[in-house]
**Student:** 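Once you've had a glance at the structure underneath, I'll fire off some questions.
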There are 2 protein chains.
Amino acid sequence: MATIKDVAKHADLSVATVSRYLNNHPYISEEKRKRIKNAMEELDYTPSLVATQLRSKKGTMIGILVSRITNPFFSYLVDSIEKQAKSNGYTILIMQTYDDQDAEAKMLELLKQQVISGLIMCSIETDSQTIELYREYGPIVLCNVPLPDSDIPQIVTDQEQATYEAVNYLIDSGYKKIAYCTGGNLTASGHGSARTKGFERALVTANLITKKEWVFKQVHSIDDGKLVAEKILQLPKDLQPDAIFTSSDLVASGIIEVMTKHQKKVPDFLAVMGFDNQPFSSLLSIPLTTIAQPVEALGVESTNLMISLLEGKSYHVDQSKLILQLIKRESA
Amino acid sequence: MATIKDVAKHADLSVATVSRYLNNHPYISEEKRKRIKNAMEELDYTPSLVATQLRSKKGTMIGILVSRITNPFFSYLVDSIEKQAKSNGYTILIMQTYDDQDAEAKMLELLKQQVISGLIMCSIETDSQTIELYREYGPIVLCNVPLPDSDIPQIVTDQEQATYEAVNYLIDSGYKKIAYCTGGNLTASGHGSARTKGFERALVTANLITKKEWVFKQVHSIDDGKLVAEKILQLPKDLQPDAIFTSSDLVASGIIEVMTKHQKKVPDFLAVMGFDNQPFSSLLSIPLTTIAQPVEALGVESTNLMISLLEGKSYHVDQSKLILQLIKRESA
DNA sequence: ATTGTTTATGAAATCGATATCATAAATTAT
DNA sequence: ATAATTTATGATATCGATTTCATAAACAAT
């Protein structure tokens with residue numbers, strides 16, 4: 001690999017001049033410009049990002065933290081972020097946490113070490129104080145994971161209201177025993193809690209009660225959904241819910257699969273509300289009633305915000321596109 | 001941020017000794033060991049990855065190239081790779097190419113620049129010679145994208161045979177006018193070509209013909225699938241295929257959606273063969289007949305191979321798990 | 001007692017870039 | 001004509017680690 005030294009030698013100039021050329025400084029004669037350019041081409045030179053970063057502390061890499069890339073909500077979100085970042089000259093580094101604090105910590109370390117210059121967190125495990133500690137090393141943007149009591153820049157949607165409306169829809173449809181799934185554990189401050197609030201508000205407003213047997217934590221995947229369904233089926237008849245609000249379409253699909261296998265009709269036996277409106281959700285044997293998230297906009301806005309933070313500009317978040325929408329189909 | 005210098009000063013030792021401590025060199029007295037450890041803790045010191053990399057040329061970052069992360073096949077593959085890499089102390093950098101040569105080139109540049117120490121390519125756009133050029137900068141492993149005429153380390157599955165068997169299954173079921181979708185463009189050397197070979201072999205063996213109206217290139221997504229379906233429906237009746245081999249379950253779903261909307265029964269009007277056996281494929285209104293890929297094993301094997309290459313060890317690929325399997329359901 | 005190893009440490013060069021300081025020539029201002 | 005600026009370039013210190021070389025005890029061998 002050719003280095004800046006080689007280029008300098010080859011062009012019979014100092015490294016300083018070559019460095020100036022690289023950074024578009026003024027005061028380089030047209031003639032030397034050409035000599036440098038030629039030397040670079042002849043030597044097939046590319047500046048070392050590592051060395052540049054060590055010296056200048058400026059980077060072009062943005063980290064993204066998601067809990068699971070296999071969840072289409074996140075893969076589409078990542079997709080959106082990546083497109084937006086790439087078109088602005090930034091590169092993306094993705095890491096999954098699998099709800100693991102240590103993984104999240106590792107990513108924050110990468111920020112501290114300037115491997116990444118900024119971090120977009122689309123999932124969160126640690127408390128806000130810990131995250132605050134890392135803000136001095138580079139901008140952190142929260143994407144769709146509200147952290148109350150914190151002034152970390154965030155792109156938010158109103159998960160509370162959307163959940164409220166969705167559960168209200170269930171209630172209006174006549175369901176009274178509504179179960180609830182969350183990806184979190186109910187204690188954490190992740191966005192689960194906003195949904196939980198909306199859920200509870202709807203129940204309270206309608207004067208309905210919930211039972212602890214109807215609450216399922218840490219459910220993420222199709223398989224988790226299957227487990228939930230099995231548990232429901234094992235409940236005594238009078239304790240069985242007649243509807244369930246799930247944390248994602250993945251979970252909803254798993255529940256429906258098991259119910260169908262046991263000849264329990266959805267939504268007659270159990271109404272199932274999804275979340276995310278994934279591409280396949282309309283194509284299932286029982287098309288999902290679900291809540292669509294503005295994935296595209298979430299990605300664009302959080303990336304724009306991140307870039308403006310990195311470049312010291314200001315950015316006004318366009319909240320108008322960050323709207324959740326209830327999509328009524330057949331599962332509830 | 002504390003540096004190695006600060007630690008040295010704080011422990012009243014030289015940077016060299018601290019560096020030795022960091023790298024587990026022998027010949028450091030127990031007493032200084034403790035002093036260094038204490039100093040590090042007090043200063044909350046973390047070695048700079050960037051600086052370490054600049055000096056030692058060794059890194060812990062592995063790049064992954066996929067064409068689209070939103071395709072579940074790739075997101076599950078990435079998931080598998082990430083798990084395996086993480087458990088060995090490596091970090092993953094993911095980039096999407098969207099079939100774009102330039103994106104691929106950018107990732108190869110990251111290898112040249114030692115931002116990543118190795119690259120796992122799960123999709124490929126460039127020709128083998130170009131890729132060869134970058135091998136001097138770090139190991140490159142091809143994952144499920146056969147490049148013939150190349151000795152780049154690769155993890156392969158027999159896409160040709162699997163396709164052959166799947167198409168044979170269609171033929172045995174009585175279909176004679178079989179259409180074909182590919183993610184590539186038929187000219188490239190990607191894994192599309194292996195499938196194409198298998199497809200053609202099955203047709204030739206059965207003495208069937210294909211028509212250029214039945215060949216669809218560059219189809220990847222659900223939307224691409226819808227387009228294909230529309231095109232088929234616009235064909236004159238006698239030119240319409242009675243079965244279609246698709247490049248992914250995503251495409252298959254899109255086709256089925258449009259067919260269903262036009263009251264054309266699948267598989268009676270058109271049998272649809274998927275590819276990938278995605279988690280939702282069994283849950284669709286018409287469960288997909290498809291080919292399961294050993295995603296998990298592909299990830300594990302390619303990562304193990306990469307790590308052994310990175311660490312100068314040898315690794316024997318366990319081919320026994322890299323088996324494709326035809327899964328018969330209802331769509332064909 | 002003298003030489004040869006082993007153990008333990010520090011000084012300084014190095015990796016490949018950037019940034020500061022110094023300097024010299026060319027240009028403009030007084 | 002001299003001073004002040006602008007333009008153009010090079011030397012060199014620096015970023016934060018690793019690594020080589022040198023050195024000095026401590027211990028063993030002759």
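Small disclaimer: the values here were computed from a predicted structure and weren't measured. Reminder, nothing fancy here: chain letters follow the sequence lines and each chain counts from 1.
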**Student:** Within less than 4.0 Å of OP1 or OP2 of dT23(D), is there a side-chain N or O belonging to Y27(B)?
**Tutor:** no
**Student:** OH/Y134(B) to CD/E104(B) distance, rounded to the nearest 0.5 angstrom?
**Tutor:** 10.0 Å
**Student:** Atom NZ of K9(B) and atom P of dA17(D): how far apart are they, to the nearest Å?
**Tutor:** 13 Å
**Student:** Is the phosphate of dT9(D) approached by K32(A) (side-chain N or O, under 4.0 Å from OP1 or OP2)?
**Tutor:** yes
**Student:** Nearest heavy atom decides the nucleotide; on that basis, is K57(B) or I28(B) closer to the 5' end of DNA chain C?
**Tutor:** I28(B)
**Student:** What's the CG-P distance between D6(B) and dG16(D), to the nearest Å?
**Tutor:** 8 Å
**Student:** OP1, OP2 of dG16(C) versus side-chain N and O of S48(A): anything below 4.0 Å?
**Tutor:** no
**Student:** Respond yes when some side-chain nitrogen or oxygen of T52(A) is under 4.0 Å from OP1 or OP2 of dA17(C), and no when none is.
**Tutor:** no
**Student:** Roughly how many Å is it from CG in N24(A) to C1' in dA19(C), rounded to a whole number?
**Tutor:** 16 Å
**Student:** Any idea which of dA12(C), dG10(D), dT18(C) is nearest the V15(B) side chain?
**Tutor:** dA12(C)
**Student:** Could you tell me the separation between the CD atom of E31(B) and the C1' atom of dT7(C), rounded to a whole number of Å?
**Tutor:** 15 Å
**Student:** Check the distance between dT14(D)'s P and L54(B)'s CG and give it to me in whole angstrom.
**Tutor:** 17 Å
**Student:** Atom CD1 of I62(A) and atom OG1 of T303(A): how far apart are they, to the nearest 0.5 Å?
**Tutor:** 6.5 Å
**Student:** I want to verify a distance call: between dG16(C), dT9(C), dA17(D), whose nearest atom is closest to the A51(A) side chain?
**Tutor:** dG16(C)
**Student:** Using a cut-off of strictly less than 4.0 Å, decide whether S56(A) has a side-chain nitrogen or oxygen near OP1 or OP2 of dC15(D).
**Tutor:** no
**Student:** Hey, which of these two, L13(B) or R55(B), hits DNA chain C nearer its 5' end, going by closest nucleotide?
**Tutor:** L13(B)
**Student:** If I take atom CG from residue N88(A) and atom OG1 from residue T60(A), how far apart are they, to the nearest 0.5 angstrom?
**Tutor:** 12.0 Å
**Student:** Around atom NZ of K83(A), are there more than 12 heavy atoms from other residues, nucleotides or ligands closer than 6.0 Å?
**Tutor:** yes
**Student:** Rounding to an integer number of Å, can you tell me how far Y45(A) OH sits from dG16(C) C1'?
**Tutor:** 8 Å
**Student:** Is the phosphate of dG10(C) approached by T17(B) (side-chain N or O, under 4.0 Å from OP1 or OP2)?
**Tutor:** yes
**Student:** Please report the distance, rounded to the nearest Å, between CD in E30(B) and P in dT9(C).
**Tutor:** 11 Å
**Student:** Roughly how far, to the nearest 0.5 Å, is CD1 of I116(A) from CG of L108(A)?
**Tutor:** 7.5 Å
**Student:** Rounded to whole Å, how long is the line connecting atom CG of N23(A) with atom P of dA19(C)?
**Tutor:** 6 Å
